[in-house]
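Keep in mind that the numbers below use all heavy atoms, side chains included, and drop hydrogens, waters and symmetry copies. Reminder, nothing fancy here: chain letters follow the sequence lines and each chain counts from 1. This structure is a prediction, so every number in the text was calculated from the model and none was measured.
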4 protein chains.
Amino acid sequence: MARTIGSHGPTTMEAIRKAGLRLIFEHGYEAMSLRQLAAEVGIQPGSLYNHINTKQELLSDLIQDHINDLLRELEEALRDKQTPVERLRAFVAFHVSYHMTRKREVFIANSELRSLEPRNYEAVVALRGAYERRLADILSDGMSDGVFDVVDLQVATFAIIALLTGLCSWYRPGGRLTKEAIIAAHEKLVLSGVMPQGASPGGGHPGQGTRE
Amino acid sequence: MARTIGSHGPTTMEAIRKAGLRLIFEHGYEAMSLRQLAAEVGIQPGSLYNHINTKQELLSDLIQDHINDLLRELEEALRDKQTPVERLRAFVAFHVSYHMTRKREVFIANSELRSLEPRNYEAVVALRGAYERRLADILSDGMSDGVFDVVDLQVATFAIIALLTGLCSWYRPGGRLTKEAIIAAHEKLVLSGVMPQGASPGGGHPGQGTRE
Amino acid sequence: MARTIGSHGPTTMEAIRKAGLRLIFEHGYEAMSLRQLAAEVGIQPGSLYNHINTKQELLSDLIQDHINDLLRELEEALRDKQTPVERLRAFVAFHVSYHMTRKREVFIANSELRSLEPRNYEAVVALRGAYERRLADILSDGMSDGVFDVVDLQVATFAIIALLTGLCSWYRPGGRLTKEAIIAAHEKLVLSGVMPQGASPGGGHPGQGTRE
Amino acid sequence: MARTIGSHGPTTMEAIRKAGLRLIFEHGYEAMSLRQLAAEVGIQPGSLYNHINTKQELLSDLIQDHINDLLRELEEALRDKQTPVERLRAFVAFHVSYHMTRKREVFIANSELRSLEPRNYEAVVALRGAYERRLADILSDGMSDGVFDVVDLQVATFAIIALLTGLCSWYRPGGRLTKEAIIAAHEKLVLSGVMPQGASPGGGHPGQGTRE
DNA sequence: GATGAATGAGCGTTCATTCAT
DNA sequence: AATGAATGAACGCTCATTCAT
């Protein structure tokens, strides 16, 4: 990767990834044509193939790189957090801020999964599963400690990720809220959502007794 | 008569919608070809045009019909509910069960919005806005009553809808959980998530004071 | 309109011919679709086939009927004319006024010939040949009498017909000129054009002697 | 290398224009399919689009280039001609010989005008108007000099052009007549047609008095 | 590394025509 | 006579991809 002198190769590749990211985000993978992409980059369509192997591989690389980053950075964000509450709070903060800074990758990784060929699809889904398991483990630990209470661990995991990920379909930089405010708003919903219902008002409706 | 395959009259239109729904759900609007659709229905590609005007209009009709149903049925579900808590619980139950029975429409209405032409797009976004406002009003009322507490009304609205809608990317009929269990799991997360943090365990971390 | 008992059959057929004439004139035979035609008439495309056999036959009928009329009416116009000059003048007057009143048929019969199937094409070309021969005979008679002088009989025949027929690509009813003025303008050009060059000014360049 | 059929580079574009010209001449613009054209050129239909933007633009280019050539070459043909008679004779000779050598372009430029989109249509009609004005000016000058006499300038202009242009619907290279003979035949008709009727026989019928 | 011209498949759509009702 | 739904072929055009230069 780190080739520096002589050629603009790396620059072109970077331009392709960047433009590809934007175009897929805006129009979807199927709807983005390599002609559009080439035009955006300022080269002829055929020249793309000096940098990519196939359109499919470009998508796959974009998604896979994103998911790897996501996982690696999550690791870092959780490294020194000990209690489930601390870890959940860190998870939320990390997830939200990552989604704010890389919302295109995040969006694509969710919406264009179905355009991946089986092999690539499975690889990505496996990585996504690892990410989800991180959250599931935090929730599970909190349940054991009695600090969290969810009706179903898996549902809660999916629901919390969906809740947090929803961000990238409405967030625009420079909007009404600061990053911190947005994080705080999500922290409240998630943390509060998994807490035991204890003395909180409005609880105790009978339907809750029927859970499987 | 020879050919009764391919069916006639109103049936064909229904078959087109049904097959279209499934194919768009599975492959996306851009990736579904009218040849596929016609084959699924059992007619020639050109014959589709006895029933639809354009591919775009088929998508638009599917989405618009769904959103109208969604709004109408929500109205019904909320009709006799009085308190914000009751209403929020009803909203969650309705949303989840609607999404379980019509997850394809729901999924498409979210993921294929960008494939709508501007005119259609705006119409659908307006209807979606009306739906979101229903939830926002419930939350707002609950805040006034002191039974709910969210950091930011808009963020909470989007987040809750995202949380609930996430369901349709993992739910499969006949899975591990009953409908009631799934509803209960979501109710707990949402209701608990918007409650004032009062005496609940694990709360009271200092960061909460800094929100905008 | 004048539909009397039982069926509107004749009316519909007439409407089809009329609309067909207009549409072919405006867009050309190839560019006119039977869907357009049906819409114009106010019926469904399939219903056209209760009145016509094929699109091709509609064209052929329109052209053939026109050419037959043209020939028949020419006969009449020439009936009592004796001298070549009288007959040529009558030919011009007839041709021009026919083209003014039925310019669509005339235009189509010239421009859509190539869209006729071989069988129909040959039939029409034969009739057109008969029409041209009428003019050729007049010119030929005039040459024998010494009142006309053309360099080549066939070229003159084609050229005069082209000259006269050109009318229907610019004539619009209600224009600057009266019908009589238009006829007079063409008569002058044609009559004068075939006259021996005698004492006329500007003539007599030597090249004229060398023609085959 | 396998395929040198289908040719390369600038040659392909030339082959497309040439084949397009012939096919449009023979079947009409609407009736010519790009599949036919591609087959004629020896490439795949889609490959046409490496050379043209649209079918419409191909037509438009063919016509526009022809009309520009026509105007430019007319300019040259008239350059050193002084008197109206000389100029008219030159006009006829030029028009006829141009139409003999490029009859396909000429034919198309007349018959396929209606297939041009409004923008292109107007451009071409404007150029054609300039060409017509050349002839009108010659006639007008001749009238002032007293060497020409026409009943109506505009009618005469259109009629003469129609007369001359008619050539390209019957002319075939290698026919009965030499180029010179054909030119001479047209010169006689046109020159004689616009001459004052002076002593020529057959003149003086009463209808001539009614001109507007 | 880039270009331009090519491929072959496929796109959404329209067409003339047929025919049971 | 008219309809509505169907057929099968074809339309203009775009696509991802290849490759000699």
* Using Watson-Crick and G-U wobble pairs whose two distances are both under 3.5 Å, how do you write the pairing of DNA chain E as dot-bracket, with | for links to another strand? -> .||||||||||||||||||||

* Rounded to the nearest 0.5 Å, what separation is found between the CG atom of D:Leu34 and the CG atom of D:Leu48? -> 6.0 Å

* **Spacing of OG belonging to B:Ser169 relative to CG belonging to A:Asn110, to within rounding of 0.5 Å** =>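 These two atoms lie 8.0 Å from each other.
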
* B:Gly46 vs D:Gly46, nearer the 5' end of DNA chain F by closest nucleotide -> B:Gly46

* Work out which heavy atom in A:Glu57 is nearest to a heavy atom in A:Asn53; give both atom names and the distance. => OE2-ND2, 2.9 Å

* To do: Kindly give the heavy-atom pair with the smallest separation between B:Met32 and B:Lys55, and that separation in Å.
  =>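 For B:Met32 versus B:Lys55, the nearest heavy atoms are O-NZ, 2.8 Å.
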
Would you kindly give the [atom1]-to-[atom2] distance between [X] and [N], to the nearest whole Å?
{"X": "C:Leu59", "N": "E:dT17", "atom1": "CG", "atom2": "P", "answer": "12 Å"}
{"X": "D:Asn53", "N": "F:dG12", "atom1": "CG", "atom2": "C1'", "answer": "13 Å"}
{"X": "D:Glu117", "N": "F:dG12", "atom1": "CD", "atom2": "P", "answer": "14 Å"}
{"X": "D:Ile52", "N": "F:dT14", "atom1": "CD1", "atom2": "C1'", "answer": "13 Å"}
{"X": "D:Ile16", "N": "E:dG4", "atom1": "CD1", "atom2": "C1'", "answer": "13 Å"}
{"X": "D:Met13", "N": "E:dA6", "atom1": "CE", "atom2": "P", "answer": "12 Å"}
{"X": "B:Lys55", "N": "E:dG10", "atom1": "NZ", "atom2": "P", "answer": "15 Å"}
{"X": "B:Gln56", "N": "E:dT13", "atom1": "CD", "atom2": "P", "answer": "9 Å"}

* **Given E:dA5, F:dA16, E:dT3, the nucleotide with the shortest approach to the side chain of A:Asn50** =>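 Closest nucleotide among those given: E:dT3.
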
* Among the nucleotides E:dA2, E:dT18, F:dA6, which one has an atom lying closest to any side-chain atom of A:Ser47? ->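 Of E:dA2, E:dT18, F:dA6, E:dA2 is nearest to the side chain of A:Ser47.
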
Within the pair [X] and [N], is there a side-chain N or O less than 4.0 Å away from OP1 or OP2?
{"X": "B:Gln44", "N": "F:dA6", "answer": "no"}
{"X": "A:His51", "N": "E:dA2", "answer": "yes"}
{"X": "C:Thr12", "N": "F:dA1", "answer": "no"}

Test item: [X] and [Y] side chains (from C-beta on) under 4.5 Å apart, heavy atoms:
{"X": "A:His66", "Y": "A:Ile108", "answer": "no"}
{"X": "B:Glu105", "Y": "B:Leu21", "answer": "yes"}
{"X": "B:Tyr29", "Y": "A:Glu30", "answer": "no"}
{"X": "D:Leu58", "Y": "D:Leu37", "answer": "yes"}

* Asked: Between B:Tyr49 and D:Leu48, who's closer to the 5' end of DNA chain E by nearest nucleotide?
  ->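 It is D:Leu48, whose closest nucleotide lies nearer the 5' terminus.
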
* Could you check A:Asp65, A:Asp61, A:Thr12 and say which one makes a side chain to side chain donor-acceptor pair (under 3.5 Å) with A:Arg17? =>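 Going through A:Asp65, A:Asp61, A:Thr12 one by one, the side chain to side chain donor-acceptor pair (under 3.5 Å) with A:Arg17 is satisfied by A:Asp65 alone.
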
* Asked: Of the residues in residues 24-39 of chain C, which ones touch DNA chain E at a heavy-atom distance under 4.0 Å?
  ->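 Those residues are C:Met32, C:Ser33, C:Leu34, C:Arg35.
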
* Donor-acceptor pair, A:Ser60 side chain versus A:Gln56 backbone, under 3.5 Å? ->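 Pair absent, no side-chain N/O of A:Ser60 close to backbone of A:Gln56.
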
